[in-house]
There are 2 protein chains.
Amino acid sequence: MESEQKKSYPPGKIKIMNALSELMREKDFHSITTADIATTAGVTEGLIYKYFKDKKDLLYQVLNGHFQTFQNYIVSKIETRKSNIEKLSIIIKTTLKSYSINRVFARILLLEVRNSPNYFESDAYDMVKIYSRTILDIINQGIKDGEIKEDIDPHALRQVILGSIEHACLGEVIFGKELDTDKVSEHICNIIFRGAKK
Amino acid sequence: MESEQKKSYPPGKIKIMNALSELMREKDFHSITTADIATTAGVTEGLIYKYFKDKKDLLYQVLNGHFQTFQNYIVSKIETRKSNIEKLSIIIKTTLKSYSINRVFARILLLEVRNSPNYFESDAYDMVKIYSRTILDIINQGIKDGEIKEDIDPHALRQVILGSIEHACLGEVIFGKELDTDKVSEHICNIIFRGAKK
DNA sequence: TAAATAGGTTAGTAATACTTACTTACCTTA
DNA sequence: TAAGGTAAGTAAGTATTACTAACCTATTTA
């Protein structure tokens with residue numbers, strides 16, 4: 001059920017990371033105490049600080065662990081397609097699905113890390129930048145290939161795509177609502193690519 | 001310079017709220033201590049708990065204060081317009097501008113409150129719901145009036161609109177970047193209403 | 001065999017959100 | 001005009017919690 005970490009990490013470290021992951025399904029990060037984490041993991045509080053600089057570092061590393069799953073899932077889906085619009089559609093659908101499958105990941109990424117400045121110097125954020133860059137590249141290629149209108153601002157389009165995805169997930173992440181990712185992504189793509197105006 | 005609160009609040013309460021507001025321009029909520037707030041306000045820590053249930057309640061009330069400014073600004077702009085598309089465009093532009101002018105407000109709304117469940121029972125969240133409902137109503141009216149395609153899902157369109165706005169502000173809020181709100185909102189509207197696909 | 005290293009524990013400490021008991025000043029209204 | 005009530009504010013805590021330092025013990029390594 002748990003166990004995303006396959007690395008040759010010491011067992012205690014894995015237990016700690018899984019414990020936080022588990023607790024974050026119910027509570028927000030700030031109201032989870034280090035004592036909580038330790039007892040859930042079945043280790044002592046002190047051990048947390050053997051493996052993690054501080055509580056936030058633990059959060060970032062958990063985030064990074066989930067990122068692996070995310071990246072693999074995304075990459076496995078895009079490559080085969082030739083059309084850039086199709087690629088973007090796949091990214092939208094796949095990202096939505098990833099967030100849906102992996103809600104703790106979504107919760108950390110969308111709600112918990114963004115308010116602490118040092119997150120933006122973390123490895124996890126580097127991965128976000130790569131992901132985000134990928135989208136921009138596809139957009140630019142799409143404009144070059146004549147699939148996307150040339151009067152579209154690439155950065156703006158990326159913003160609309162990312163914003164739509166994230167906002168669509170919020171209800172899910174915050175209230176635990178179910179989300180029909182196929183349907184929602186279709187609706188979003190419909191709006192973004194074909195436009196809402198008659 | 002400060003002073004948004006005109007209500008007949010006791011002076012200490014106003015000072016406390018303004019103090020938090022001020023501190024939040026530089027730090028994130030969690031790294032601001034109650035001692036910080038008290039000294040900045042020129043009162044004692046105890047007084048905070050005379051007027052606010054806890055630190056988060058203070059945050060929510062500050063948010064509510066800023067909401068007043070926000071609502072007034074928005075409302076003053078929409079009413080005169082007749083076209084629904086135009087109304088939505090104005091909302092996008094005006095919201096972006098509001099966030100830009102009032103960054104502390106944006107920071108609280110987009111980064112700080114969403115991760116604590118009891119925010120969603122606060123008065124502040126009720127105002128968000130009203131704002132959000134307004135957008136949905138305009139969309140539905142737009143479909144009825146034949147301005148917006150009838151195969152568009154109203155909730156999805158709202159999500160795209162809100163998501164685009166919020167994501168566009170993130171850089172601003174997190175990194176303090178400047179944002180050309182007129183330009184950005186134009187780009188966003190261009191994509192959402194006319195579509196990105198050639 | 002000595003020593004270093006890895007995995008883990010115990011028992012703290014400092015900081016910080018929040019409380020309780022108290023003071024002072026102001027406003028009723030009888 | 002004085003008593004009583006209340007609103008505004010203070011002082012001095014307490015309990016919780018993130019984090020630390022020193023210690024233990026087994027297993028590898030030289």
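None of these values were measured; they are calculated from a predicted model. Chain letters run A, B, ... following the sequence lines, proteins first, then strands; residues in each count from 1.
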Is there a donor-acceptor contact under 3.5 Å linking the side chains of B/Gln141 and B/Asp145? yes
With heavy atoms under 4.0 Å as the rule, sort A/Ile32 into base, sugar-phosphate or nothing. sugar-phosphate
B/Ile48 CD1 to D/dA11 P: how many Å, rounded? 14 Å
Here the distance between atom P of C/dG7 and atom CD1 of A/Ile14, to the nearest Å, is 11 Å
How many Å lie between CE on A/Met17 and P on C/dG7, as a whole number? 15 Å
Between NZ of B/Lys55 and P of C/dT16 the distance, given in whole Å, is 9 Å
With A/Lys55 as the cation and A/Phe29 as the aromatic partner, state whether NZ or CZ is under 6.0 Å from the six-membered ring centre and within 45° of the axis. yes
Given C/dA17, is OP1 or OP2 found less than 4.0 Å from the side-chain N or O atoms of B/Thr34? yes
Atom-to-atom span, CD of B/Glu45 to P of C/dT20 - whole angstrom: 15 Å
Nearest heavy atom decides the nucleotide; on that basis, is A/Lys50 or A/Thr33 closer to the 5' end of DNA chain D? A/Thr33
Row check, B/Tyr9 ring normal vs B/Lys15 NZ/CZ: under 6.0 Å, within 45°: no
Selection from C/dT9, D/dA11, C/dG7 that lies nearest to any side-chain heavy atom of A/Tyr51: C/dG7
Residue pair B/Gln68, B/Asn64: steps toward the side-chain hydrogen bond (donor to acceptor under 3.5 Å, both in side chains) verdict: CA-CA 7 Å; B/Gln68 232 65 35; B/Asn64 240 331; over 6 Å; no
d(CG, A/Leu47; C1', D/dA21) in whole Å: 15 Å
For B/Asp36 and C/dA17, what is the distance between atoms CG and C1' respectively, to the nearest whole Å? 13 Å
Nucleotide D/dC19, atom P - distance to CD1 of A/Ile16 in whole Å: 13 Å
Per atom distances to the B/Thr44 side chain, the nearest of C/dT9, D/dT10, D/dC19 is D/dT10
Heavy atoms only, 4.0 Å cut-off, all strands: where does A/Phe52 land among base, sugar-phosphate and nothing? nothing
By nearest atom, which of the nucleotides C/dC18, D/dC19, C/dG8 is closest to the B/Tyr49 side chain? C/dC18
Ring centres under 6.0 angstrom apart (B/Tyr131, B/Phe70): yes
